[in-house]
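In what follows, every heavy atom counts, from backbone to side chain, and hydrogens, waters and symmetry copies are set aside. Chain letters run A, B, ... following the sequence lines, proteins first and then strands; every chain starts at 1.
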Amino acid sequence: MTAERFDPSVADRRWQAAWDEARCFEADSNSAKPKSYVLEMFPYPSGRIHIGHVRNYTMGDVLARYRRMRGDEVLHPMGWDAFGMPAENAAMEKGVHPAGWTYDNIATMKGQLKQLGFALDWSREFATCDPSYYGHEQALFVDLYEAGLVYRKESEVNWDPVDMTVLANEQVIDGKGWRSGAEVEKRKLNQWFLKITDFAEDLLDGLDTLDGWPDKVRTMQTNWIGKSQGLEFRFVGTNFDETIEVYTTRPDTIFGASFVAVAADHPIARAVADTSAEAADFIALCKKGGTTAAELETAEKLGLDTGLKVAHPFTGAELPVYIANFVLMDYGTGAIMAVPGHDQRDFEFATKYGLPIPRVVAASAEEAGKPFAGEAESGDGVLVNSDFLSGMDVEAAKTEVIARAEAEGWGKGTTVWRLRDWGVSRQRYWGTPIPFIHCDGCGVVSVPKDQLPVVLPEDVDFSVPGNPLLRHPTWKNTTCPKCGGAAERETDTLDTFVNSSWYFLRFASQPADKPFDAAEVAQWMPVDQYIGGIEHAILHLLYARFWTRALARTGHLEVQEPFASLFTQGMVTHEVYSRQDGPRELYFTPAEVERTGNGASLKADGGPVTIGKVVKMSKSKKNVVDPEDIIRDYGADAVRWFMLSDSPPERDLPWSEAGIEGCGRFVQRLWRLFGRYDAAATGEDKALARKTHQTIAAVAEDIEALAFNKAVARLYELTSAAEKAAPSASRNHAIRSLLLMASPMMPHLAEEAWHAMGESGLVADAAWPEVDPALLVEDEVTIAVQHMGKLRDTLTAPKGASKDDLEALALASANVQRSIDGKPIRKVIVVPDRLVNIVT
RNA sequence: GCCCCUGUGGCGGAAUUGGUAGACGCGCUCGACUCAAAAUCGAGUUUCUUACGAAGUGCCGGUUCGAGUCCGGCCAGGGGUACCA
């Protein structure tokens, strides 16, 4: 006899303990079975698990459990992306130590993940802030340095002149510092860089091999890497004694150039500023504001005429030289030839400063004089008003200009990449210390490997803004490993994206004395299925691909691509609640807010709060929901089922409470059905047997495609069919199959019912049900009958009926005849097993 | 600004990839059971129309015997934009 109701508050813990005890989910690196590495992006320990995590890890868990049922040795690990800014913010706001705050959060969140019953190999858990992890990272960083992949250069940061500290882009709001409210400036610092551009071509080519990745991610990375062919050439000064190197991707439009523009920190601009106060002021003005591309691109186009003139290489005409705030020193040569007719930024600039806007490309030669309709035309066409280029198409003209420039010796065709080297310096405490020492005599010296890890000091002060490592009284004082003299440690720490660029290798193998064992890593890599948010489509995934290649080049690895298949889940979204407090926006969690009609108020003080847009749940906006309450009320299986139902996993999921209750009811409904399993029942139910086998095949296909919402719908259908069926051997088979198919999704219920059915062992170790291919095909099909493409009737026909038979059946329909109304039939289209369309 | 994605009933979505639009679930309505409620079970649920039927997949246009699906042009929302993770 089984209990009336399934009680998750007892069953969840019972089976979680049973899995732990049996060590079901610990991966064996020496197994003879086929390997399967299933990985979800590890979480930042922000405090508590949120719904987005639950969705992500439930998907991975279903796949991991399914692959185990299919006989694979599965590696499904979990750990913590534990360095980052929120820990320092907590230290400043609450006076807690970043380490204590982080490890407390990890303990809480690990407990929450355990409550969800995930099939994780906890024996491999680590946090990136463990010195045993970041110490190995320091060693790898030194290896990359020795391979010439690490260097230092000056680079701009967001500088808060009041707090005297570097701000993250996120901390710059409308050009002002988030705490001080001061206007942010760009400031140059000497920083550490990784030579990702060395691998630009390879990272681009590698995308073609990643068949298991979504096309949209490959497209985004392709555009990000941004390979472009163009022309680099010199303009010669006519009233000054220098040349200006420019780069353009549109050499075909060279006859449309009406001015030249240089970046504010271009050497020409600086030289002009030396003698012109006006230019110096303008350059200072360009320093205002933050460093993000979005900010630079949308800022008002500003320029200053330097008075310098250069000669057009073909016409000899004099063009003015401007300093412009929209030209970037980092891209190309830091100077451009501006063609206002065919580049929108140049168009806006020329309009503002009254510069000519000639047309050199048109839809046809006849439209050579057509005026512009208020914006630049960057599309294809035929060259006009362009001397020897007139009449050519854009591609031919590009080739011709490059050929002439090279023949005449004033320019050359070049490839330029949008991708820039990866700046990894952070002027912060809670990150991996960069393992280098600055010595007055020896310069920059790496810390010898036997002195690693360089450990963060624990006694740090967060009462004032700025980098605590820089002002720590003793930490940076050390001796030079080369000369033994007094020297200082580097106080910058590494970007946290470095931590997440190799954690999947450490999960596969974690010896104490080195980052990983090459042979053991080779057992598991590449990751067979990587699952994470679409927001990581570019940065994290590109950095991890680069780091893997860099480790391959330095002899640590064989594999080039870390992630064979990628699935990008949609984000869980929720509206944002906030209130203005001076210069700062204060955010509130949905739990702190009372939603009333179309308004909202804060529970604590009853005052109104502003309802913002529905956006991805994030710690900084506090629009997060705590899953623990729902687990307590409905059990882990209902929550897991809810995460998989309805919304396609790649799509955003707007969070709502509605629906979870239905999932709780379905858990009980399944439990009742499982209770009706009757070992003594005999007899066959052909229709149910067919439905069962069709479902097994379809659910397997859906899970492999990560189409969980479709698998769920099919399980509902089979449940309904089995409920309506009379007891029989076929029904027993349906029930048993249903239990096994549901087990990756509702593992606790499945174990409990399996046990109640008298089965021995764990469902977690059971095999996926077999399919009888003979039962997959239907012998009758429904045919749609259309007249002029409109549905007039449906009819039933044997599968595989001939075209003539179907046509005859269709014409025999009274509905069809009425619709045709005696008109002559011109054509009949028959799609076998699907439809007949009659055209009159 | 630029790159990428998404848009289908009251809601989440399905549609064998050009072939019956709305599977399945949520919600709602009605009914059964009950003294009553919960739970459970059954029926209904795109819109308009008394009906025949017509319209309908963000908007406008195109290709096709046939378009949610393909093409062109828009609109709206979201993600990324190199120091949020």
Side-chain angles (χ1 to χ4, degrees), chain A residues 5 41 43-44 46 81 83-86 157-158 166-172 196 214-217 219-224 226 290-299 326 330 344-345 348 418-428 495-497 500 533-540 542-543 568 570-571 573 613-616 618-621 645-648 650-654 656 658-663 665-666 668-669 672 709-710 712-717 720 723 782-794 818 826-829 831 834-840:
Chain A
R5 284 183 68 79
M41 292 178 185
Y44 178 79
S46 56
D81 187 15
F83 276 136
M85 283 203 317
V157 293
N158 302 307
V166 177
L167 298 178
N169 288 334
E170 182 189 55
Q171 297 171 321
V172 181
I196 190 172
D215 286 340
K216 62 177 169 181
V217 176
T219 306
M220 280 190 263
Q221 293 212 352
T222 300
N223 293 340
W224 184 262
T291 58
T292 68
E295 205 175 332
L296 296 174
E297 295 271 356
T298 53
F326 66 92
D330 287 333
Q344 186 57 26
R345 290 166 304 180
E348 288 171 32
R418 211 188 74 96
L419 182 69
R420 306 198 300 258
D421 275 338
W422 177 11
V424 292
S425 276
R426 297 292 180 273
Q427 294 72 38
R428 287 187 237 291
D495 180 5
T496 57
F497 276 126
S500 52
I534 182 66
E535 68 270 27
H536 293 294
I538 296 175
L539 293 182
H540 160 59
L542 192 64
Y543 290 148
T568 53
M571 283 159 298
T573 57
K613 285 195 275 192
V614 177
V615 298
K616 78 160 170 167
S618 74
K619 183 80 180 160
S620 60
K621 297 253 187 318
S645 308
D646 294 355
S647 272
E650 69 279 7
R651 198 127 14 128
D652 285 353
L653 174 69
S656 75
I660 182 72
E661 218 163 301
C663 292
R665 280 201 297 271
F666 183 66
Q668 298 301 338
R669 193 173 145 202
R672 286 194 298 275
N709 57 321
K710 293 199 239 171
V712 161
R714 293 184 201 281
L715 293 177
Y716 274 121
E717 285 183 30
S720 294
E723 281 172 340
T782 306
I783 305 289
V785 184
Q786 299 176 334
H787 172 221
M788 300 302 284
K790 288 195 186 296
L791 185 71
R792 291 298 170 221
D793 204 356
T794 59
R818 182 156 34 102
R826 286 197 288 134
K827 191 153 75 160
V828 178
I829 288 143
V831 182
R834 298 214 62 85
L835 69 74
V836 179
N837 186 18
I838 294 151
V839 185
T840 56

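Under the side chain to side chain contact (heavy atoms under 4.5 Å, CB included) criterion, A:Thr496 pairs with A:Phe83, A:Asn499, not counting sequence neighbours. Listed by chain and number, the residues in a ring-ring contact (aromatic ring centres under 6.0 Å, His included) with A:Phe666 are A:Trp641, A:Tyr716 (sequence neighbours excluded). With sequence neighbours excluded, the residues forming a side chain to side chain contact (heavy atoms under 4.5 Å, CB included) with A:Lys790 are A:Arg792, listed by chain and number. A search for ring-ring contact (aromatic ring centres under 6.0 Å, His included) contacts involving A:Phe326 returns A:Phe349, not counting sequence neighbours.
Among the heavy atoms of the strands lying under 4.0 Å from A:Gln786 is at least one base atom, whether or not backbone atoms are also near. A:Ser46 comes within 4.0 angstrom of nothing in the nucleic acid, heavy atoms only. Contact annotation for A:Ser500: no contact, since no heavy-atom pair falls under 4.0 Å across all strands. Among the atoms of the strands shown, none is found under 4.0 Å from any heavy atom of A:Pro43. Residue-level contact check: A:Gly570 touches neither bases nor backbone, having no heavy atom under 4.0 Å from any strand. Here A:Val157 lies in heavy-atom contact (under 4.0 Å) with a base.
Partner assigned to B:G44 is B:C28, using Watson-Crick or G-U wobble distances below 3.5 angstrom. Under the Watson-Crick or G-U wobble criterion, with both distances below 3.5 Å, B:A67 is left unpaired in every strand shown. Judged by Watson-Crick or G-U wobble contacts below 3.5 Å, the nucleotide B:C74 has B:G58 as its partner. As the counterpart of B:A23, no nucleotide is assigned, since no Watson-Crick or G-U wobble pattern has both distances under 3.5 Å. For B:U81, the paired nucleotide is B:G1, the pair qualifying as Watson-Crick or G-U wobble because both relevant distances are below 3.5 Å.
Distance from the side chain of A:Val831 is smallest to B:G19 among B:A21, B:G19, B:A85. For A:Leu791, the listed nucleotide lying nearest its side chain is B:A21; candidates were B:A21, B:C24, B:A85. Each of B:U20, B:U81, B:C84 was ranked by its minimum atom distance to the side chain of A:Trp224; first place goes to B:U81. The side chain of A:Leu539 lies closest to B:A82 when the candidates are B:A54, B:G78, B:A82. Considering only side-chain atoms of A:Glu297, the nucleotide from B:C4, B:A14, B:G1 that sits closest is B:G1. Taking every side-chain heavy atom of A:Asn709 into account, B:A14 is the closest of B:U40, B:A14, B:G1. Comparing atom distances between the A:Thr782 side chain and each of B:U81, B:A82, B:U20 picks out B:U20 as nearest. When distances run from any side-chain atom of A:Arg672 to the nucleotides B:C84, B:G19, B:C41, the shortest one goes to B:C41. With B:U81, B:C65, B:A14 as the candidates, the nucleotide lying closest to the side chain of A:Asn837 is B:C65.
Nucleotides of RNA chain B nearest to A:Asn223 and A:Ile838 differ in position, and the one nearer the 5' end is that of A:Asn223. Position along RNA chain B of the nearest nucleotide to A:Tyr44 versus A:Ile534 favours A:Ile534 as the more 5'-ward residue.
Between A:Phe497 and A:His540, the ring-plane angle classifies as parallel under the 30° and 60° cut-offs.
For A:Lys710, a side-chain nitrogen or oxygen approaches OP1 or OP2 of B:A15 to under 4.0 Å.
A donor and an acceptor atom, one from each side chain of A:Asn158 and A:Thr291, are located under 3.5 Å apart.
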Practice prompt. Sugar-phosphate atoms are those with a prime plus P, OP1 and OP2; base atoms are the rest. Using that split, label each nucleotide of nucleotides 5-11 of chain B B, S or - for protein heavy atoms under 4.0 Å, 5' to 3'.
Written response: S-S----
Worksheet entry | Base versus backbone protein contacts along nucleotides 26-34 of chain B [heavy-atom cut-off under 4.0 Å; B, S, -] | SS-------
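Whole-Å rounding puts the A:Leu296 CG to B:G1 C1' distance at 11 Å. Taking atom OH of residue A:Tyr543 and atom C1' of nucleotide B:G80, one finds them 12 Å apart after rounding to whole Å.
Taking a cutoff of 4.0 Å between a charged side-chain nitrogen and a carboxylate oxygen, A:Glu723 and A:Arg672 do not qualify as a salt bridge.
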